Number of protein chains: 2
Amino acid sequence: MRISEAASKSGLSIDTIRYYESSGLLPPIERGADRQRRFSTVDVEWLILLASLRDTGMPQKTMRHFAGLYRQGDGTIPERKKVLLDHADHLEQRRGALDRCADILAHKLERSDEITGGNA
Amino acid sequence: MRISEAASKSGLSIDTIRYYESSGLLPPIERGADRQRRFSTVDVEWLILLASLRDTGMPQKTMRHFAGLYRQGDGTIPERKKVLLDHADHLEQRRGALDRCADILAHKLERSDEITGGNA
DNA sequence: CTACCAACCTGGAGTTACTCCAGGTCAAGT
DNA sequence: ACTTGACCTGGAGTAACTCCAGGTTGGTAG
């Protein structure tokens with residue numbers, strides 16, 4: 001498929017996908033006779049993973065490391081696993097931040113209702 | 001209190017606090033006779049709120065809007081409330097992204113255990 | 001056949017939100 | 001008097017996009 005479809009399936013923008021390719025986050029993407037990119041379903045799965053990691057705060061540096069491990073084959077599975085486990089920990093911390101923020105917002109909203117009487 | 005204490009209480013870095021002041025996210029911070037900043041507990045509460053909004057993905061543009069409303073007094077409470085409610089919605093979406101990512105990671109980890117036999 | 005259009009391409013500039021650094025001030029301790 | 005530590009300003013550097021100008025290609029409409 002072409003880049004626009006890969007973008008809508010992964011949730012990454014077209015620009016971001018091209019940028020990710022140029023910065024080594026993607027394997028070399030095939031090109032057609034027209035020199036345009038053709039993404040396989042495997043490529044798109046990788047994009048979806050990257051999108052998910054990005055959306056939950058993984059820095060590109062870490063993603064680049066992870067992509068590098070991937071390219072080196074199954075021998076790197078233990079280290080890849082470690083990266084993913086670390087990120088899973090990170091997800092917990094993010095969840096904590098969301099909870100704390102929700103708490104603060106609830107207090108603020110309650111207080112603003114006291115002042116305006118709840119209408120408006 | 002001084003900036004280092006305000007930083008450790010709010011979770012923002014010293015540089016970020018100075019940057020936030022210069023970009024209009026903070027009210028003018030008092031200075032001592034030595035021209036150094038002195039933060040009140042109210043200032044620090046504001047910093048904590050900003051830190052929480054930032055950590056959950058609110059763009060500075062929105063924070064600047066919100067800070068502006070704050071400066072204009074109680075008449076802006078309805079609009080401020082709207083900003084906070086919108087952000088509460090946003091928190092839900094972030095939570096969804098965390099859940100989806102946790103799912104993907106769980107699958108990946110399971111698969112890597114199949115390959116390595118779970119050891120390593 | 002040619003004109004046009006949409007979707008693609010590259011290289012590079014611009015934006016957001018910090019982050020770091022050089023060079024300087026000030027109060028307090030030795 | 002001198003050093004130390006926390007602070008100051010202005011400005012450069014970085015991460016991760018995002019946008020834009022200018023050019024190519026494949027398909028369709030006249």
Side-chain angles (χ1 to χ4, degrees), chain A residues 1-26 28-40 43-44 46-68 83 87 90 94 97 101, chain B residues 1-26 28-40 43-44 46-68 83 87 90 94 97 101:
Chain A
M1 77 198 70
R2 285 183 277 180
I3 199 168
S4 57
E5 197 179 342
S8 69
K9 283 196 174 151
S10 67
L12 296 171
S13 75
I14 289 175
D15 273 335
T16 299
I17 291 174
R18 286 200 277 247
Y19 167 64
Y20 278 7
E21 191 191 10
S22 78
S23 64
L25 278 163
L26 309 187
I29 302 297
E30 259 188 87
R31 303 286 181 128
D34 55 3
R35 306 216 156 247
Q36 296 186 359
R37 291 171 185 84
R38 293 298 140 83
F39 294 79
S40 68
D43 291 332
V44 172
W46 180 248
L47 290 176
I48 289 169
L49 174 61
L50 290 183
S52 186
L53 295 173
R54 176 194 72 162
D55 290 347
T56 55
M58 183 182 283
Q60 277 184 23
K61 193 176 179 179
T62 309
M63 291 198 268
R64 235 173 279 128
H65 175 58
F66 186 70
V83 172
H87 193 62
H90 180 79
R94 290 251 154 177
C101 187
Chain B
M1 77 198 70
R2 284 183 278 179
I3 199 167
S4 57
E5 198 180 342
S8 70
K9 284 197 173 150
S10 65
L12 296 170
S13 75
I14 289 175
D15 273 335
T16 299
I17 291 173
R18 287 201 276 247
Y19 166 64
Y20 278 7
E21 191 191 10
S22 77
S23 62
L25 279 164
L26 309 186
I29 302 298
E30 260 187 86
R31 303 286 182 127
D34 53 5
R35 308 223 150 242
Q36 296 185 0
R37 293 172 184 82
R38 292 300 140 81
F39 293 80
S40 68
D43 291 332
V44 172
W46 180 247
L47 290 176
I48 290 169
L49 174 60
L50 291 183
S52 188
L53 294 174
R54 175 193 74 161
D55 289 347
T56 55
M58 182 181 283
Q60 278 184 22
K61 192 177 180 179
T62 310
M63 291 198 266
R64 237 173 276 126
H65 174 60
F66 185 70
V83 172
H87 193 63
H90 180 80
R94 290 251 154 177
C101 187

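As the structure is a computational prediction, the values presented were derived from the model and not from experiment. A note on names: the letters A, B, ... follow the listed sequences, proteins ahead of strands, and every chain is numbered from 1.
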I'd like a table of donor-acceptor pairs (distance under 3.5 Å, sequence neighbours excluded) in which one partner is a side-chain atom from residues 49-58 of chain B, with atom names and distances.
residue: B/Thr56; atom: OG1; partner: B/Ser52; partner atom: O; Å: 2.9
residue: B/Thr56; atom: OG1; partner: B/Leu53; partner atom: O; Å: 3.1
residue: B/Thr56; atom: OG1; partner: B/His87; partner atom: NE2; Å: 2.7

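- B/Arg94 meets the salt bridge (Lys or Arg N to Asp or Glu O under 4.0 Å) test with no other residue; sequence neighbours excluded.
- Residues B/Asp43 and B/Leu26 are not in side-chain contact: their nearest non-hydrogen atoms beyond the backbone lie 4.5 Å or more apart.
- Going from atom CD of A/Glu21 over to atom P of D/dA16 covers 18 Å, rounded to whole Å.
- The phosphate of D/dA16 (OP1 or OP2) has no side-chain N or O of A/Thr16 nearer than 4.0 angstrom.
- Side-chain nitrogen and oxygen atoms of A/Ser4 include at least one within less than 4.0 Å of the OP1 or OP2 phosphate oxygen of C/dC8.
- With sequence neighbours left out, the side-chain contact (heavy atoms from CB on, under 4.5 Å) criterion links B/Ser8 to no other residue.
- Scored by the side-chain contact (heavy atoms from CB on, under 4.5 Å) test, A/Glu30 finds no partners at all (sequence neighbours excluded).
- Distance, A/Ile3 CD1 to D/dT24 C1': 16 Å, rounded to whole Å.
- In this structure, B/Ile29 places its CD1 atom 14 Å from P of D/dC7, rounding to the nearest Å.
- A straight line from CZ of B/Arg35 to P of D/dG10 spans 12 Å, rounded to a whole angstrom.
- Between the CZ atom of A/Arg2 and the C1' atom of D/dT24 there is a distance of 14 Å, rounded to whole Å.
- B/Glu21 and B/Ile29 get closest at one heavy-atom pair: OE2-N, 3.4 Å.
- Applying the salt bridge (Lys or Arg N to Asp or Glu O under 4.0 Å) criterion to B/Arg35, with sequence neighbours excluded, gives no partner residue.
- At whole-Å resolution of the value, CD in A/Gln60 and C1' in D/dC17 are 8 Å apart.
- Set against D/dC17, C/dC8, D/dC8, the side chain of A/Ile14 has C/dC8 as its closest nucleotide.
- Listed nucleotides: C/dT19, C/dC9, D/dC17. Nearest to the side chain of A/Tyr20: D/dC17.
- Shown here are the side-chain contact (heavy atoms from CB on, under 4.5 Å) partners of A/Gln36, two or more places apart in sequence or in another chain: A/Arg2, A/Asp34, A/Arg38.
- Listed nucleotides: D/dC7, C/dC9, C/dC18. Nearest to the side chain of A/Arg37: C/dC9.
- In the region residues 47-57 of chain B, proximity to DNA chain D at under 4.0 angstrom, judged on heavy atoms, holds for none of the residues.
- For A/Ser4, the side-chain contact (heavy atoms from CB on, under 4.5 Å) partners two or more places apart in sequence, or in a different chain, are A/Ile14.
- Atom OH of A/Tyr19 is separated from atom C1' of C/dC9 by 19 Å (rounded to the nearest Å).
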Q. How does protein reach along nucleotides 21-30 of chain C, written 5' to 3' as B (base within reach of a heavy atom under 4.0 Å), S (only sugar-phosphate), or - (no contact)?
A. ----------

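- In this structure, CZ of B/Phe39 is placed 16 Å from P of D/dA6, rounded to the nearest angstrom.
- Backbone-only contact: B/Arg31 has heavy atoms under 4.0 Å from sugar-phosphate atoms and none from a base.
- You'll find that the side chain of B/Pro59 is closest to C/dA17, out of C/dA7, C/dA17, D/dA6.
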